[in-house]
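Atoms within each ligand, like the ligands themselves, are counted from 1 in listed order. Basis for what follows: all heavy atoms, side chains included, without hydrogens, waters or symmetry-related copies.
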Amino acid sequence: MISEEYIRLYGIDSDQEEQRIALTSGRVPVAVYGLGKMGLPLAAVYAELTGNVTGVDIDSSVVDRINAGVSPVTGEPGLDDLIASLTAEGSLEAVDTPTVAAATAAVHVVIVPTTLTRDKHPDLTALEAAVESIGAGLSPGDQVIIESTVPPGTCGGFVKPLLERVSGLSPDQFGVAFCPERTSSGRALEDIRGAYPKVVGGVDDESTRVARLIYDELSNNDVITVSDATTAESVKVFEGLYRDVNIALANELAQIRDDLEIDVVEAIMVANTQPFCDIHLPGAGVGGHCIPYYPYFVFDRVKTSMPLCQTARETNDSMPQFLVSKLVERLAAHETAIEDATVVVLGLTYRPGVAEVRASPAIPLVETLQHLGARVFVVDPILDKATAPFPLTALEEVPVDDLDGAVLVTNHDEFATIDWTSYDSLVCIDGRDALPDSSAKHDVYVVGRGSK
Ligand SMILES: NC(=O)C1=CN([C@@H]2O[C@H](COP(=O)(O)OP(=O)(O)OC[C@H]3O[C@@H](n4cnc5c(N)ncnc54)[C@H](O)[C@@H]3O)[C@@H](O)[C@H]2O)C=CC1
Ligand SMILES: CC(=O)N[C@@H]1[C@@H](OP(=O)(O)OP(=O)(O)OC[C@H]2O[C@@H](n3ccc(=O)[nH]c3=O)[C@H](O)[C@@H]2O)O[C@H](C(=O)O)[C@@H](O)[C@@H]1O
């Protein structure tokens, strides 16, 4: 139970200003569940605001490092120092006991992974576990905020009933709101503090009121209240659908480059010079546990077919094979069979600077090359060998005189300075238009660009 001087917010008709002051003076204890790439920066910004945050993670090593003042999340400007200062001053503490944390919190913020099963259905097991823990410690007046991206209808149709069942509370005794995490790795603190308007949508008006009150204080941007939680959930996945479809358009256009004999990216850039056009960039595919996952969160919840979004998924997922086909075709033109070829794949993470391999296009690309019999070296400068799905080779250890092909999937900064002159003639397939021009010496194909 929380002590007397603390207050709760849901269903409390005290003065709004008093509630704001209570929140920002630490008299509304907050728990943040999930201390990963998004959750730790979020917990830090909440701790900056309230001075009274318990971070919850089931990974004890994450908890221990945070309590030692060390951020397990890398690549986030300002986060290391912020975690050190917040833990030193007692504004942020991490625990690996979700139910214990839930018993003392008045605001529960959930940002655990929501992913896909192997057969591409939403995997909400982590969400269910976190919500059950919260239910076990839920008190009248508590507010639960879901920031993990979820299928539309999850807060109203799954989270709220589960909390009622586990806590024994009636629906009018606690709030649930969906407040999407509109944040990118590498700029998480900036995004969370208010790079974009914050969207909030509650399962009832009081849930929306409490969520608005909280994010009016936390974000320095506007707060947009929408009709309900399902609308807010839809906003988030619609952003992802838009991005997936528009990347697919760019990828389809890249595949007609040879038919048109143009530099497709040049045409895209010029097409985008008027405001009604925002064609994205073609590449090696769409990875991460967000953009390639969110369409399936919608497919799973609607009866109506969505052929455009389904086809976009197929187009984006076809890009690794497109790159392999270009490599095979060009190696054959140099009388090298793929099964006799030695190939280096540059980049395993789904995008530069983020040590995340979930749904990375490099994975099916490497698997296909291995299946075709090629000898494959994989290089990724930011990935921990222990977590990589394939053995990693340092770039300097790749056998220079024995290499037939190179495929760039992820444009890590380190690859921009490769001295290609030290390699004998290669076939280079550049999936991200990231390699220095080496067409004088090598046979180079850049996805979407004119011949280099
Ligand atoms: N990564 C991104 O760029 C963005 C992610 N999101 C949303 O945020 C969610 C989390 O993403 P990340 O932070 O990147 O994931 P992550 O994989 O980096 O971190 C997840 C953390 O949650 C912990 N965890 C798992 N189950 C738990 C439980 N039951 N209770 C407490 N902690 C638990 C894990 O130990 C891990 O530390 C995503 O699934 C997505 O819905 C939203 C916007 C951006
Ligand atoms: C709508 C939107 O821009 N969502 C962002 C996105 O961030 P995420 O980390 O997934 O990276 P991303 O830049 O979307 O890239 C995803 C994948 O798509 C590829 N990609 C991206 C843009 C592009 O023009 N072409 C392309 O091929 C990238 O290489 C990567 O493999 O997803 C995040 C999320 O929701 O998790 C979200 O918060 C971010 O704002």
J.: Within ligand 1, which atoms have a heavy atom of T183 less than 4.0 Å away?
T.: 3 (O), 43 (C), 44 (C)
J.: Any idea which atoms of ligand 1 are less than 4.0 Å away from a heavy-atom of A126?
T.: 26 (N), 29 (N)
J.: Output the list of atoms in ligand 1 that are nearer than 4.0 Å to some heavy atom of T114, sorted by atom number.
T.: 39 (O), 41 (O)
J.: So is S184 in contact with ligand 1, going by heavy-atom distances below 4.0 Å?
T.: no
J.: Write down, by chain and number, every protein residue that brings a non-hydrogen atom to less than 4.0 Å from an atom of ligand 2.
T.: E181, R182, T183, S184, K236, E239, R243, I247, H280, L281, G285, V286, G287, C290, I291, Y294, Y350, R351, R432
J.: Which of these passes side chain to side chain donor-acceptor pair (under 3.5 Å) with N251: D317, T315, N316?
T.: N316
J.: For side-chain contact (heavy atoms from CB on, under 4.5 Å), just list the numbers for K236 and V199, CA-CA rounded to whole Å, side-chain angles, deciding distance to a tenth of an Å, and then say yes or no.
T.: CA-CA 9 Å; K236 180 62 185 172; V199 177; over 6 Å; no
J.: Below 4.0 angstrom, N of the basic side chain to O of the carboxylate: do D244 and R313 qualify?
T.: yes
J.: Which atoms of ligand 1 have any heavy atom of I111 under 4.0 Å away?
T.: 8 (O), 10 (C)
J.: Which ligand 1 atoms does V56 reach within 4.0 Å, using its non-hydrogen atoms?
T.: 31 (C), 32 (N)
J.: Considering residues at least two apart in sequence or located in another chain, which fulfil the salt bridge (charged side-chain N to carboxylate O under 4.0 Å, His left out) criterion with E414?
T.: none
J.: State the atoms of ligand 1, each with its element, that fall below the 4.0 Å cut-off from a heavy-atom position in R358.
T.: 16 (P), 17 (O)
J.: Which of the numbered atoms in ligand 1 are under 4.0 angstrom from any heavy atom belonging to G34?
T.: 22 (O), 31 (C), 32 (N)
J.: Applying side chain to side chain donor-acceptor pair (under 3.5 Å) to R301 and T154, what does each step give before you reach the verdict?
T.: CA-CA 10 Å; R301 284 296 160 85; T154 299; 3.3 Å; yes
J.: Give the atoms of ligand 1, by number and element, whose distance to some non-hydrogen atom of C290 is under 4.0 Å.
T.: 2 (C), 4 (C), 5 (C)
J.: Heavy atoms only: which of M38, R351, K236 is nearest to atom 4 (C) of ligand 1?
T.: M38
J.: Can you tell whether the side chains of K326 and D258 come within less than 4.0 Å, N to carboxylate O?
T.: yes
J.: Which heavy atom in E356 sits nearest to a heavy atom in H289, and how many Å separate them?
T.: OE1-CD2, 3.3 Å
J.: Among G288, A130, P113, P41, which residue places a heavy atom closest to atom 25 (C) of ligand 1?
T.: P113
J.: Looking at R193 and E48, is there a salt bridge between them, counting it only when a charged N and a carboxylate O are closer than 4.0 Å?
T.: yes
J.: So is K120 actually on top of Y293's ring, under 6.0 Å and inside 45° of the axis?
T.: no
